[in-house]
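Below: one structure, written as structure tokens.
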Amino acid sequence: MRTDTVLTDAIAERLARLGMECDRAEIRLERPQRLEHGDWSTNIALALAKRHGRRPRDLASQLASALEAEPIEYVEQVEVAGPGFVNFRLNAGWLHQVLREVVAGGEEGYAALDIGQGERLQIEFVSANPTGPMHVGNGWFGSYGDALARVMGRAGWKVQREYYVNDTGRQMRLLGESILARRRREAVPDEGYQGDYVAELAEQYDGPEDATEAGRFASSIILDDIRATLERINIHFDEWYSQASIEESGQVDETIELLREEGHVFEDGGAVWLRSTEFGDSRDRVLVRSNGEPTYLAGDLAYHRDKFLVRGFDRVIDVFGADHHGQVASLKAGVQALGVSPDRLEVRIGQLVSLVGARMSKRSGHYVPLSFLIDELGPDAARLVTLLSSIDQATTLDLDALTRESMENPVYYVQYAHARIASIGRVATERGIERGPVDATDLGLLVHPRELDLLRALVDLPRVVREAAVERAPFKVTNWARALAGAFHGFYHDCYVMGEDIEPPLTQARLWLVEATRIGLAIALGLLGVGAPEEM
RNA sequence: GCCCUCGUAGCUCAGUGGAUAGAGCACCGGCCUCCGGAGCCGGGUGCGCAGGUUCGAGUCCUGCCGGGGGCGCCA
């Protein structure tokens, strides 16, 4: 049984015996930031003090004595600290047990959770219009969405990655017109696309003087480029879902009809409106313009109806940039009007990324292409730039600093730890040292502070995966990986695995510690979608 | 004007009501006879401002100041 579960049981039992029964969920066990606060800590005495009209420290002392009265597995000392925390100090045995768990679980099984319970989850991200190459911002949300998909998958969701291809409507026509204008050696239309790639596409296009035709031609080439660029940073979509296919299949009309039947639609000024205010939107929205053309929202609702009611996803996460947050309320309202519970649709709004000296607008022609960033930093570092921080916070990328410091990117620090481990394996092979079975290994020899630090880091991975999944925050995995790598580098420096003064049994124990670390690093790097190299 | 979001160290960011607010970068010192120095060890007067809630606030509430975004029969 997990140590924190054992402790929670013990706390609940002692509290009940002291006449202060409480919900097990109220008992929160944490790993304190500071080692001097013990290996595990609970604030339950602080939480219960008021309810029972007691002073927190008194209650904590009473609980601590009750806990110390009978031995608990691995617990060496229980103490009251600060305003009323109860801290547990454990012997190294629990950490050795953790090492066995890591090794037993392996790359596949350790920190693989089932909190998603097999729920079918679709994550839609990037979905940039195929009207120009990927820019840094697309890569930003792409890395986030892909890492989130990996994390959710490990936490027990059945995940599908989707890219919504906006291959119809006004943008397509504008792209086509821009191509045609360039071919005629004329200026592109006011709101058209200016980049050099438009000229290149115009060179290649030898079809008829038809904007839709030219737009379709261009977008399919652009889409190939988008796909190739994303694959460079290890992003692969399961589905590229075409907006045109939704329109052509008649689903937009069907969706509007459905809404009409449910009485959520009215007509005004020749247009068809969705009564979205009834579902919390700040105003009603047009579905069909007075000229008979459906709006983007109508298509988007048909698309989401397809996700939930046709394809049957239990949950959908849309990753949008902050510049699209204005459409969230009407989308959620519409989905609700279609009879889908709104909490099944989750929209993650990522704050925009700004680059020092360059604004990233696709039409300006001054955006920074994602492929440029990948060329400069390499795929792993380019990908990890995103995964260093929450997307809830607007970030500024200093492109000069990034390229100047690319070797300082934390990804190398983590990968270097992995490469060092591989190197230990190579040296062991050269020296004819084999790792015996873990059950025949005396893990009790692992007592050096560096060794215990490493194990303490490994304990946290299941919790980190859970938090990263629940909070939709894959960057937490990055932070953990850095911490684990840090602990490993310290261990590597102070604790030789093989050497003249290292007794064979200690070598064995350390080889297993190294293997457990390798597993942890491989899991984390896999979740982040960056490589776990054997050499660098 | 209204709505959303964010202000934490020189810079980029962690910190989802708890203990002495932490990392990386940059800067200044140390450390290679042995598994890879892309490493290790040491060096810190910082939560935008003002109220409030709470035993306890960087975290929750209100107002103000500042940055970003959104408010179309555009997508």
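Below, chains carry the letters A, B, ... as their sequence lines are ordered, and counting in each starts from 1. Quick note: numbers below take in every heavy atom, side chains included, and nothing from hydrogens, waters or symmetry partners.
- Using a 4.0 Å cut-off between a side-chain N of Lys or Arg and a carboxylate O of Asp or Glu, A:Asp281 and A:Lys332 do not qualify as a salt bridge.
- Here A:Gly270 lies out of heavy-atom contact (under 4.0 Å) with every strand.
- Rounded to a whole angstrom, the distance from the P atom of B:G46 to that of B:U33 is 41 Å.
- At the heavy-atom level, A:Glu535 lies under 4.0 Å from base atoms of the strands shown.
- Base pairing of B:C2 is made with B:G70, judged by Watson-Crick or G-U wobble geometry with both donor-acceptor distances under 3.5 Å.
- Between the CZ atom of A:Phe488 and the C1' atom of B:C40 there is a distance of 13 Å, given to the nearest Å.
- Between atom CZ of residue A:Arg450 and atom CG of residue A:Asp453 there is a gap of 7.0 Å, rounded to the nearest 0.5 Å.
- Rounded to an integer number of Å, the gap from A:Asn43 CG to B:G17 P is 11 Å.
- Taking the C1' atoms as reference points, B:U59 lies 16 Å from B:G48, given to the whole Å.
- Here B:G39 sits opposite B:C31 as a Watson-Crick or G-U wobble pair (both hydrogen-bonding atom distances under 3.5 Å).
- Comparing the P positions of B:G51 and B:U12 gives an interatomic distance of 29 Å, to the nearest angstrom.
- Geometric assessment of A:Arg285 against the ring of A:Trp273 yields a negative cation-pi assignment under the 6.0 Å and 45° thresholds.
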task: With ring-ring contact (aromatic ring centres under 6.0 Å, His included) as the test, would you mind laying out the steps for A:Tyr416 and A:His489 before giving the verdict?
output: CA-CA 9 Å; A:Tyr416 185 49; A:His489 287 307; 5.5 Å; yes
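- For A:Tyr296 and B:C71, the OH to P distance is 13 Å, given to the nearest whole Å.
- Contact annotation for A:Glu36: base contact, defined as any heavy-atom pair under 4.0 Å involving a base atom.
- Looking at heavy-atom distances under 4.0 Å, A:Tyr492 makes contact with a base.
- The nucleotide B:G56 finds no pairing partner, because no Watson-Crick or G-U wobble arrangement with both distances shorter than 3.5 Å includes it.
- In this structure, A:Asn129 atom CG and B:C74 atom P are separated by 16 Å, rounded to whole Å.
- When the P atom is used for both B:G15 and B:C55, the distance is 27 Å, rounded to whole Å.
- Among the atoms of the strands shown, only primed sugar atoms or phosphate atoms (P, OP1, OP2) are found under 4.0 Å from some heavy atom of A:Asn479.
- In this structure, A:Asp284 contributes its side chain and A:Thr277 its backbone to a donor-acceptor pair below 3.5 Å.
- Classified by interplanar angle (parallel below 30°, tilted 30° to 60°, perpendicular above 60°), the ring pair A:His264/A:Phe279 is perpendicular.
- Under the Watson-Crick or G-U wobble criterion, with both distances below 3.5 Å, B:G22 is paired with B:C13.
- Between the base of B:C73 and the side chain of A:Ser290 there is a donor-acceptor pair shorter than 3.5 Å.
- Contacts of A:Gln327 with the nucleic acid, taken as non-hydrogen atoms under 4.0 Å apart, include base atoms.
- When the C1' atom of B:C35 is taken as reference, atom CZ of A:Phe491 falls 10 Å away, rounded to whole Å.
- On the P atoms, B:G56 is 15 Å away from B:U20, given to the nearest whole Å.
- Here A:Arg450 lies in heavy-atom contact (under 4.0 Å) with sugar-phosphate atoms only.
- Taking the C1' atom of each, B:A57 and B:A21 are spaced 12 Å apart, rounded to whole Å.
- Straight-line distance between the P atoms of B:U45 and B:G30: roughly 22 Å, to the nearest whole Å.
- Comparing B:G37, B:C34, B:A14 by their closest approach to the side chain of A:Tyr416 singles out B:G37.
- Place A:Thr168 and A:Pro56 on RNA chain B by their nearest nucleotides, and A:Pro56 ends up nearer the 5' end.
- Applying the 3.5 Å distance criterion, the base of B:A19 shares a donor-acceptor pair with the side chain of A:Asn87.
- Base engagement by A:Arg34 is indicated by at least one non-hydrogen atom pair under 4.0 Å involving a base atom.
- Note on A:Ser282: nothing from the nucleic acid sits closer than 4.0 angstrom, heavy atoms only.
- Side chain A:Ser41 to base B:A19: a donor-acceptor pair is found below 3.5 Å.
- In this model, the phosphate group of B:C74 is approached by a side-chain N or O of A:Arg289 to a distance below 4.0 Å at OP1 or OP2.
- In this pair, A:Tyr496 lays its aromatic ring flat on the base of B:C34, centres within 5.5 Å and planes under 30 degrees apart.
- Remark: P of B:C34 and CE of A:Met498 are 14 Å apart, rounded to the nearest angstrom.
- Distance from the side chain of A:Thr295 is smallest to B:A75 among B:A75, B:C40, B:A19.
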- prompt: Between A:Leu331 and A:His324, is a side chain to side chain contact (heavy atoms under 4.5 Å, CB included) present by the stated rule, with each step listed?
  reply: CA-CA 11 Å; A:Leu331 176 60; A:His324 286 83; over 6 Å; no
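- As judged by a 4.0 angstrom heavy-atom cut-off over every strand, A:Ser389 is placed among residues touching the sugar-phosphate backbone only.
- Comparing A:Arg285 and A:Gln243 by the nucleotide of RNA chain B whose heavy atom lies nearest to each, the residue mapping closer to the 5' end is A:Arg285.
- Using a 4.0 Å heavy-atom distance criterion, A:Asp167 is classed as making no nucleic acid contact.
- Judged by centroid separation below 5.5 Å and plane tilt below 30°, A:His325 does not stack onto the base of B:G70.
- Remark: side-chain polar atoms of A:Glu451 are paired, donor with acceptor, to backbone N or O of A:Val447 under 3.5 angstrom.
- Nucleotides B:A75 and B:U16 have their P atoms positioned 40 Å apart, rounded to a whole Å.
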